[in-house]
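Have a look at the structure below, then the notes.
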Amino acid sequence: MDINADYLRAVSQRYTELSGVLECLQIDLINGAEKLPQAQLLIANLLIEYIGYGAFQRAVLQTAPQYVSCVIQINTNAEQWVSESPYLHAFDRLDEVHHQMDEAALTAAMNEIGWSLILQESCPLPNGKALVRLDFKKNEG
């Protein structure tokens with residue numbers, strides 16, 4: 001699932017052996033979460049930063065999974081959340097949609113809609129950044 005049709009076409013072409021199994025969906029999660037199918041497991045790695053907590057909550061409620069696994073990037077420097085590289089300017093406009101992430105805020109947003117934290121792991125990165133994995137399970141009842 002992605003908003004970029006060209007990316008989805010490239011994925012379909014790259015993984016032709018998954019034809020009939022792999023379904024690529026072009027969906028704008030901010031405005032079109034109701035188009036998402038239901039699933040038992042929702043994996044959202046490095047996604048929430050670009051749609052925000054509210055849109056993510058709507059996506060979770062629509063897909064109604066038993067488990068949600070996500071990875072967020074934690075930045076100590078809010079001004080420079082993209083690391084130095086020769087490709088730095090490819091990300092110039094991303095700051096228009098980027099949201100700073102916080103483990104406690106994401107956990108609170110998930111608790112608010114009925115999911116509880118069951119796993120948290122952190123992997124430190126260069127420049128004081130970290131990738132944090134947070135797994136949630138739907139509350140019973």
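No experiment lies behind these values; they were computed from the predicted model shown.
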### Query
Mind checking whether Y50 and I30 have side chains closer than 4.5 Å, heavy atoms only?
no
### Task
Using a 4.5 Å cut-off on heavy atoms from C-beta on, say whether the side chain of L131 contacts that of I74.
no
### Message
Hydrophobic clusters here meaning ILVMFWY residues chained together by side-chain heavy-atom distances under 4.5 Å, can you tell me if L106 and Y67 are in one?
### Response
no
### Query
Is I43 reachable from L22 through a run of hydrophobic residues whose side-chain heavy atoms are each under 4.5 Å from the next?
no
### Query
Should M101 and Q73 count as side-chain neighbours, where that means a heavy-atom distance under 4.5 Å?
no
### Message
Contact between L119 and L134 at the side-chain level, heavy atoms closer than 4.5 Å - yes or no?
### Response
no
### Message
Could you check whether atom CD of E17 has more than 12 heavy atoms from other residues, nucleotides or ligands sitting under 6.0 Å from it?
### Response
yes
### Message
Between D135 and R133, does any NZ, NE, NH1 or NH2 come within less than 4.0 Å of an OD or OE carboxylate oxygen?
### Response
yes
### Task
For E34, look at atom CD and say whether over 12 heavy atoms of other residues, nucleotides or ligands are found less than 6.0 Å away.
yes
### Message
I want to check something: taking the side chain as every heavy atom from C-beta on, are W115 and P65 in contact at a cut-off of under 4.5 Å?
### Response
yes
### Message
Do D2 and Q26 have side chains that approach each other closer than 4.5 Å (heavy atoms only, starting at C-beta)?
### Response
no
### Query
Is the closest side-chain heavy-atom distance between L47 and L29 below 4.5 Å?
yes
### Task
For the residue pair C70 and I48, establish whether any side-chain heavy-atom pair is separated by less than 4.5 Å.
yes
